[in-house]
Amino acid sequence: MSFDPFYVAGLVLLGLFAVLAIRTAMFRTRQIQVGAIDVPALDPDAPKRLSRALQFRTVTHRDPSQLDEEAYQDYRTYLRSAFPHVHDAMDRTVINEHSLLYCWEGSDPAADPVVLAAHYDVVPVDAPDQWDHGPFDGAIEDDYVYGRGALDDKASAVALFESMETLIRTGYTPRRTVYLAIGHDEEVGGDNGAKAIAEHLREAGVSPSVVIDEGGAITVGAVPDVSDPVALVGVAEKGYLSVEIRADGMGGHSSIPPEQTSIDVVTTAVQRLRDNPLRASLSGVTGQTLQFIAPEMGPAGKTAFANLWLLRGVITWALTKDPTTDAAIRTTTAPTILDAGVKDNVVPSTARAVVNFRIRPSESVQDVMDHVRSRLDGLPVTLHPQQQGEPTRVSPMDDEWFDLVQRTIREIADDVVVAPFLVPGTTDSRHYASISEHVYRFAPFRLTQDDKHRIHGINERIAVSCYERMITYYMQIVRNADALGVDLGSDGAVSRIPAAPEASTVEGE
C-alpha cells in the first residue's frame with residue numbers, strides 16, 4: 001500500500017496547525033480583574049509640596065566631601081513641616097546622618113510588616129542651560145512638575161509621605177506595621193543608606209512580608225503588538241562586573257611600529273568579547289515576562305509565544321536583534337573605557353580597556369570571568385576584575401504578594417497589562433533581599449519613549465496625574481496588604497475593605 005507524499009505532508013501540516021491553534025486557545029490571560037476602589041481624597045496642594053521638595057539640591061557624589069550637607073538637612077527639615085501627621089504618628093530614626101527610617105506601628109503584632117522604600121538623592125545636572133526650567137526650580141507648567149528627581153526618585157519618596165499623611169489624617173489605622181525606608185545615596189550604590197537601613201531592620205528582627213521600591217514603571221509603546229500600556233514590575237536585578245583588560249608591550253617611535261602594539265592587543269580582546277557574547281535564553285524572569293504579556297498580544301504574537309516548543313529558537317534570534325530585548329535575555333557586554341597613548345608619534349607601551357557586564361540571574365560573576373578568560377585565551381593580556389555584584393534573588397511571581405502588587409496596579413490604572421521583568425540596572429532594593437523574599441520594584445508613572453530619556457537627562461518631569469496616581473498606589477498597597485488573608489470578597493477582591501473617612505471613589509484609568 002502506497003501513500004501520496006503530498007497527502008501525507010498535508011496531514012502533517014494540518015495536524016501541526018491544529019496543535020498550534022489548540023495551544024494558542026489555551027493561552028489564557030494572567031491579568032487580575034478588579035473593580036473600582038474607594039480611597040481617601042487627595043490634597044490638591046500635593047503637587048506643590050513635590051515642587052518644593054525638588055528645589056533642594058540633594059545631589060550625591062562618589063566623594064562624600066562633595067555632598068551638600070546643608071541641602072540634605074534642609075530637605076529633612078522640610079519633611080517635618082510638610083507632613084506633620086507622619087511625624088506625629090510615626091517613629092523616626094536617622095541612619096548614617098542622612099537616611100531615614102519611619103515606623104508606623106500596626107494593630108496586629110503577628111502580621112509581618114510592609115517596607116516602602118525610595119531615595120531622595122539625585123544625580124548631578126551636566127547641562128542646566130538646556131532645560132526649559134531650572135533643574136532645581138520645581139516649576140509646575142502644563143500639568144507637569146519639572147526638576148531633577150521628578151522621576152528618579154524624589155517623587156516616589158515624597159509620594160510615600162503624602163500617602164501616609166493622607167491615611168493618618170483620615171483616621172486609618174494599619175493592621176501591619178508600615179516602614180518608610182528613605183535612602184540618601186542610591187545613586188552611588190546605597191552602601192551608607194539602604195544597606196545600613198536593611199542591616200538596622202535585620203538586627204531588630206524585622207522580616208518584612210514585602211518590600212516595594214522603584215525600578216519599573218508603566219511603559220507606553222514599549223512592547224510591540226500590545227496596544228495597552230505595560231506595567232513592568234521588577235522581580236530581580238541583574239548583577240554587574242567590570243573587567244580591566246591590560247596589555248603591556250614594546251613602545252617606541254611611531255615611524256617604526258612593532259608588528260603588534262598594545263593597542264592592537266587590547267582592541268582585539270574587546271572585539272573578541274563583543275563578537276562572542278554570553279548565551280541568550282528565554283528562560284528565567286524574561287520567560288515569565290513573556291507569559292504575562294503574550295496573551296495580550298495580537299493573533300500572531302500570541303500564537304508564537306504560546307508555541308515556544310516549536311518557535312523558541314526563532315523568537316530568541318529575533319529578540320537578539322533589538323538592543324532592549326537582547327539585554328533582557330542575556331548577560332550584556334559593553335566596552336566602556338579605552339585608554340592608551342600620550343602623544344601622536346609615540347607607540348604606547350601600555351593600553352587598557354574596561355568592559356562592563358550586566359549579569360542575568362542564572363549566571364554569576366565567576367561565570368562571566370570564566371567566559372572572559374576562555375575567549376581571550378592566547379592573547380598577551382592581564383585581567384583585573386573591578387566593581388562587581390551578583391544578580392539578586394528572583395522574587396516569587398506566583399504567590400499572593402506578587403498578586404497583591406498586580407492587583408493594586410490594576411486598581412489604580414486598569415487599562416494596563418502587568419508583567420514581571422528583570423531590572424537591567426541597580427536600585428536600593430537589592431539591599432533588602434537579605435531580609436525579605438518578596439522585593440518588588442515599581443512606581444506607577446507613565447514612561448513614554450520620549451520620557452525615558454528624561455531620567456538622569458534634560459527636562460526631567462512627572463505629570464501631575466502620574467504623581468497623584470503614585471500617592472494612591474502607596475495608600476492602596478498598605479490597605480491591600482492589611483486585608484490580605486483577612487476578609488476577601490467572593491471574587492477575591494480586597495478593595496471591599498472599609499474606606500477611611502472623607503473617601504471619594506476613584507475609577508481605574
Side-chain angles (χ1 to χ4, degrees), residues 37 39-58 71 74-87 100 116 118-122 125 131-170 180 182 212 214 217-218 220 229 408-409 411-413 442-448 450-452 454-455 457-478 500 502-509:
I37 59 173
V39 294
L42 303 184
D43 187 334
D45 287 335
K48 296 179 181 178
R49 284 188 285 273
L50 173 61
S51 166
R52 180 69 186 101
L54 295 177
Q55 296 172 36
F56 295 95
R57 297 173 181 260
T58 52
D74 289 347
Y75 175 80
R76 296 194 299 275
T77 300
Y78 168 70
L79 292 178
R80 283 185 175 276
S81 62
F83 305 106
H85 291 93
V86 167
H87 288 81
L100 302 169
L116 305 176
H119 67 91
Y120 70 95
D121 62 309
V122 300
V125 178
W131 287 58
D132 293 339
H133 305 280
F136 294 102
D137 288 353
I140 301 178
E141 183 178 84
D142 296 331
D143 291 324
Y144 283 94
V145 185
Y146 286 79
R148 176 60 85 227
L151 293 173
D152 185 14
D153 176 46
K154 197 177 280 185
S156 294
V158 181
L160 283 175
F161 286 98
E162 199 73 57
S163 63
M164 298 303 105
E165 182 81 3
T166 303
L167 287 177
I168 295 168
R169 173 175 52 81
T170 54
L180 304 186
I182 313 298
I212 305 293
E214 63 165 333
I218 299 174
V220 180
T408 304
I409 294 170
E411 284 175 337
I412 58 102
F442 178 81
F445 56 83
R446 296 204 173 208
L447 198 63
T448 66
D450 172 62
D451 286 334
K452 70 180 183 179
R454 298 177 187 271
I455 299 176
I458 296 169
N459 286 328
E460 186 175 351
R461 68 182 187 181
I462 187 170
V464 170
S465 61
C466 286
Y467 182 61
E468 292 172 344
R469 183 187 300 115
M470 194 178 295
I471 298 168
T472 303
Y473 167 74
Y474 289 129
M475 286 194 291
Q476 195 64 4
I477 283 285
V478 171
E502 303 178 24
S504 62
T505 298
V506 177
E507 297 284 349
E509 294 186 4

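Model, not experiment: these values are computed from the prediction.
Taking both residues in full, the closest heavy atoms of F56 and A71 are given as CD2-O, 4.1 Å, listed atom of the first, atom of the second, then distance. Between T170 and L167, the closest heavy-atom pair is OG1-O, 3.2 Å. Across I462 and A155, no two heavy atoms sit closer than the pair CD1-CB, 4.2 Å. Annotation for A41 and T166: closest pair O-CG2, 3.7 Å, computed over non-hydrogen atoms. Between M470 and A443, the shortest heavy-atom distance links the atoms CE-CB, 4.3 Å. Residue L54 comes nearest to A150 through the heavy atom pair CD2-N, 3.8 Å, listed as atom of the first residue, atom of the second, then distance.
Here CE of M475 is found 11.5 Å from CD of E165. Values are rounded to the nearest 0.5 Å. Note that CZ of F136 and OG1 of T58 are 7.0 Å apart. Values are rounded to the nearest 0.5 Å. To the nearest 0.5 angstrom, R461 atom CZ is 11.0 Å from W131 atom CH2. Note that the CD atom of E162 and the CG atom of L50 stand 9.0 Å from one another [nearest 0.5 Å]. One distance of note links CG of L151 with NZ of K452; it measures 13.5 Å at 0.5 Å rounding.
Residues satisfying the side-chain hydrogen bond (donor to acceptor under 3.5 Å, both in side chains) test with R57, not counting sequence neighbours, are none. Every residue meeting the side chain to side chain contact (heavy atoms under 4.5 Å, CB included) condition with D45, not counting sequence neighbours, appears here in chain and number order: D43, K48, R49.
L100 is listed as a side-chain neighbour of L79, based on a closest heavy-atom distance under 4.5 Å. Side-chain contact between I212 and Y473 is present, with at least one heavy-atom pair separated by less than 4.5 Å.
Of the possible polar contacts, one joining the S163 side chain to the A159 backbone as a donor-acceptor pair under 3.5 Å is found. A donor-acceptor pair under 3.5 Å is formed between the side chain of S51 and the backbone N or O of G138. Within the 3.5 Å criterion, the main-chain N or O of A118 finds no donor-acceptor partner in the side chain of S156.
None of Y75, F161, Y78 except one satisfies the ring pair (Phe, Tyr, Trp, His ring centres under 6.0 Å) rule with Y120; the exception is Y75. Checking I409, L116, I412, T472 one by one against I477, the side-chain contact (heavy atoms from CB on, under 4.5 Å) holds for a single residue, L116.
Applying the salt bridge (Lys or Arg N to Asp or Glu O under 4.0 Å) test to pairs two or more places apart or on separate chains, those with a residue in residues 133-157 are R148-E460.
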